[in-house]
Amino acid sequence: MLEHTFIHLPNFGPWRERRLWMNGITTWDDFLEHYGSSQFHKMFCTKLASSKNALHLGDAEYFANNLPSGESWRAFPHFNKVAYLDIETTGLGSATDYITVIGVYDGEKVYSYIHGQNLDDFVMDIQKYDAVVTFNGAFFDLPFIRKSFTGVSLPKLHVDLRFALASLNVTGGLKKIETKFGFEREDDLKGLNGYDAVRMWQSYLKTKDKTVLDRLVRYNAADISNLKKLMEWTYTEKRLQTGFDELVKLK
DNA sequence: ATGGAACAAGTAACCAAGGT
DNA sequence: ACCTTGGTTACTTGTTCCAT
């Protein structure tokens, strides 16, 4: 979707972008060809040349900086190193709360980082990724991570599904949305919520029972693997919402 | 060329919202 | 308890484009 995107140009909103599409200018190359010699459009052409270069180099940060934050979903299929991320903590963020588990799903495998074991490995490992996908991560997970690991560098490109889904009129918490989509969880994970994750950790600390910790880690893993399916659905719906495919098909 | 209507984008202030 | 974004509203600025 990026090479059809013009909304990152200054003074360009959805309406101007749509007008370009209607006039048959559907790609950056179309624009450069059509306006390349125009003095008036020089600024725009320079910007689009940078965009082409950034896409070629796989520079996800460029698009994170230039796309309006509600439009970062457009970059999603262009980068394959995507971290679906979710954390469990001892609470909602009072001074003494800390992270118990971080789960990262790369689309194939789940990596679990556990307090007291390998939690710190997260700081190095997360640098491999171009983008991060969360549910409500802009509020909760990412600030909590930044507070816990000062100076950690997280991928700049971020799709927060809570907001993306809300703009598609899908609202409510993650569990409610999963039910709406018919996603199933393992039997012993059904009905668990974030507060249960707090209690499982406390129980693990008290009893040192590995099966309790294992259940907490699997609960976390279930959250992130569902994020991928939601992201893919969100991408197709958001793309449909722009009207791009419909407009281009008419040509 | 110029004025101005119509609409888009930008800005600022405020509020609502889900997660562990 | 705590976080940060998007939606809403009301307003200002900017752009397009038609009538003159």
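Each chain gets a letter, A, B and so on, in the order the sequences are listed, and its residues count up from 1.
Checked against dT5(C), dA9(B), dG18(B), the side chain of Arg16(A) finds its nearest nucleotide in dA9(B). Of the candidates dT20(B), dG6(C), dG18(B), the closest approach to any side-chain atom of Asn136(A) belongs to dG18(B). Of the candidate nucleotides dG19(B), dG7(C), dT5(C), dG19(B) has the atom nearest to the side chain of Leu174(A). The Thr89(A) side chain lies nearest to dT20(B) when the options are dG19(B), dT5(C), dT20(B). The nucleotide whose nearest atom lies closest to any side-chain atom of Pro14(A) is, among dG19(B), dA9(B), dG7(C), dA9(B). Here dT20(B) is the nucleotide among dT20(B), dG7(C), dG18(B) with the atom lying nearest to any side-chain atom of Asp86(A). Side-chain proximity of Pro143(A) to the nucleotides dC3(C), dG18(B), dA8(B) is greatest for dC3(C).
Here Lys128(A) does not pair with Asp106(A) in a salt bridge; the nearest charged N to carboxylate O distance is not below 4.0 Å.
Phe63(A) and Trp28(A) have parallel rings, their planes meeting at less than 30° on a 0 to 90° scale where 60° marks the start of perpendicular. Using a 30° and 60° split on the angle between ring planes, Phe76(A) and Tyr84(A) fall in the perpendicular class, above 60°.
DNA chain B is contacted by both Asp97(A) and Arg162(A); Arg162(A) maps to the nucleotide lying nearer its 5′ end (nearest heavy atom per residue). When each of Phe140(A) and Ser167(A) is assigned the nucleotide of DNA chain C bearing its nearest heavy atom, the one mapping closer to the 5' terminus is Phe140(A).
For Trp15(A) and dT15(C), the CH2 to P distance is 13 Å, given to the nearest whole Å. Atom CZ in Phe163(A) sits about 15 Å away from atom P in dA16(B), given to the nearest Å. Atom CH2 of Trp201(A) is separated from atom C1' of dT20(B) by 14 Å (rounded to the nearest Å). For Phe12(A) and dA9(B), the CZ to P distance is 9 Å, given to the nearest whole Å. Taking atom CG on Asp223(A) and atom P on dG18(B), their separation rounds to 16 Å, with Å as the unit. One atom, CD1 of Ile7(A), and another, P of dG10(B), lie 9 Å apart when rounded to the nearest Å. Nucleotide dG18(B) holds its P atom 18 Å from the CG atom of Asp196(A), rounded to whole Å. In this entry the distance linking CG of Leu9(A) with C1' of dA9(B) reads 14 Å, nearest Å.
Taking 4.5 Å as the limit, every side-chain heavy atom of Ser203(A) sits out of range of all side-chain heavy atoms of Asp209(A). Proximity of Asn136(A) to Leu174(A): side-chain heavy atoms (C-beta onward) are nowhere separated by under 4.5 Å.
The residue Ser69(A) sits close only to the backbone: its heavy atoms come under 4.0 Å of sugar-phosphate atoms, none of a base. Nucleic acid contact class of Phe135(A) (heavy atoms, under 4.0 Å, all strands): sugar-phosphate only. Heavy atoms of Gly70(A) sit under 4.0 angstrom from primed sugar atoms or phosphate atoms, though from no base atom. Contact annotation for Thr90(A): no contact, since no heavy-atom pair falls under 4.0 Å across all strands. Counting non-hydrogen atoms under 4.0 angstrom, Leu142(A) reaches nothing in the nucleic acid.
Pair assignment for dT20(B) gives none, since no Watson-Crick or G-U wobble pairing has each distance under 3.5 Å.
Contact between the side-chain N/O atoms of Arg19(A) and the OP1/OP2 oxygens of dC7(B) is not found at any separation under 4.0 Å.
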Run the ring pair (Phe, Tyr, Trp, His ring centres under 6.0 Å) test on Tyr204(A) and Trp201(A) for me, step by step, so that the C-alpha distance in whole Å, both residues' side-chain angles and the decisive distance to 0.1 Å come before the verdict. CA-CA 5 Å; Tyr204(A) 166 69; Trp201(A) 179 258; 5.5 Å; yes
